[in-house]
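All remarks here apply to the structure that follows.
Below, chain A is the first sequence line, B the second, and so on; all start at residue 1. Model, not experiment: these values are computed from the prediction.
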Amino acid sequence: MGKVIVVTSGKGGVGKTTSSAALATGLAQHGFSVAVVDFDVGLRNLDLVMGCERRVVFDFVNVINREATLHQALIRDKRVDNLYILPASQTRDKDALTFEGVAEVIEDLRERFDYVVCDSPAGIERGAQMAMYFADEAVVVTNPEVSSVRDSDRVLGLLASKTRRAEQEDEPVREHLLLARYDTLRVEQGEMLSMDDVVEILAIPLLGVIPESSAVLQASNSGIPVILDQECDAGQAYSDAVGRLLGEELPHRFLQSRKKGFFARLLGG
Amino acid sequence: MKFFDYFRTKTDSRKSDSARVAKGRLQIIVAHERSQSRKLDYLPELQQEILKVVRRYVDVDEKSIKIDVGQEGNCEVLELNVILPESSVA
């Protein structure tokens, strides 16, 4: 039986889809079979970030409505073995994801894969609650910024009350904090909440800190999960996060800005 | 210009403290919202059920029942106020 991991945040634009793509790809690189599922009905984007947008034939809603089999709808990644994408539907019908339908698909995926990564839509409405309901673990993506931290706290409240594990009084969903868009220089200048600040406020274990990096946009521009770019710090930070998700103990890197030398500062470089 | 900037930042190293302000504000609002969400979970339902019981004996309307959870030292106190209509007392 596979594990279901929801990638969620409450606030939009903090890096849920980027992180879903990276973590799913990283898990597959470790040799696990992984399905990454886009729950953002009407605003499908995981396919673009994964670079398989032109190969979408059937989607999540088609599977629920039995217009296609799961096997037909899953798109196999061409770069990493055992990695599959289940795209969201572009329908404007908000109720397209029925509770029973989602339950059935998730259970099916859980049987076939080691990991099922659920990319949640923003907000705390039905779509987001559906994405988290079946989760065993949750990756809460947060930016070091007041609105994102507050929304993450709201989401943690939902994870503790509106999930299957909570309702059945099972062991609670295991929560992980993924701090993204971290700018070490601004933290050092006192302009940005630090890793310690955010960890103290949200009080959940830290999975990783992803530095602000131009490589993230470049990766999504070309439809390549940023974790496949091991030249850049963001890609390496995601790899570390995947390692920690699998129980490895790794030090947090990229927490200090590269100090400018005397001459660079003197010359305003 | 840059030459003098170097020494100035060295001497008074003026840092922004907006991150500290952000942290303080967040700690307050998050603590407040956590206590709120704990309350909101069961209170409305509790209020409805108490109303039902009271109505078996007295005809009160919805607004005459107030229910609140407060904090007194280490204890959480459930406060319940029912205003009976004048006719029922007479």
Per-residue tally against chain B (heavy atom, under 4.5 Å) across A:Arg186, A:Met192, A:Glu200 peaks at A:Glu200
Correct closest heavy-atom pair for B:Ala19 and A:Leu193 would be O-CD2, 3.6 Å
Turns out that what part of A:Asp153 lies under 4.5 Å from chain B's heavy atoms comes down to side chain
Here the gap from A:Arg150 atom CZ to B:Ile29 atom CD1, rounded to the nearest 0.5 Å, amounts to 4.5 Å
Rounded to the nearest 0.5 Å, the CG atom of B:Leu26 sits from the CG atom of A:Asp197 at a distance of 9.0 Å
Turns out that what part of A:Arg154 lies under 4.5 Å from chain B's heavy atoms comes down to side chain
To the nearest 0.5 Å, atom NZ of B:Lys23 lies from atom CG of A:Asp196 at 8.0 Å
Please determine whether the number of non-hydrogen atoms from other residues, nucleotides or ligands lying under 6.0 Å from atom CZ of B:Arg25 exceeds 12. no
Less than 4.5 Å apart, any side-chain heavy atom of A:Gln189 and any of B:Ser16?
-> no
(Q) Are more than 12 heavy atoms, taken from residues, nucleotides or ligands other than A:Glu167, located less than 6.0 Å from that residue's CD atom? (A) yes
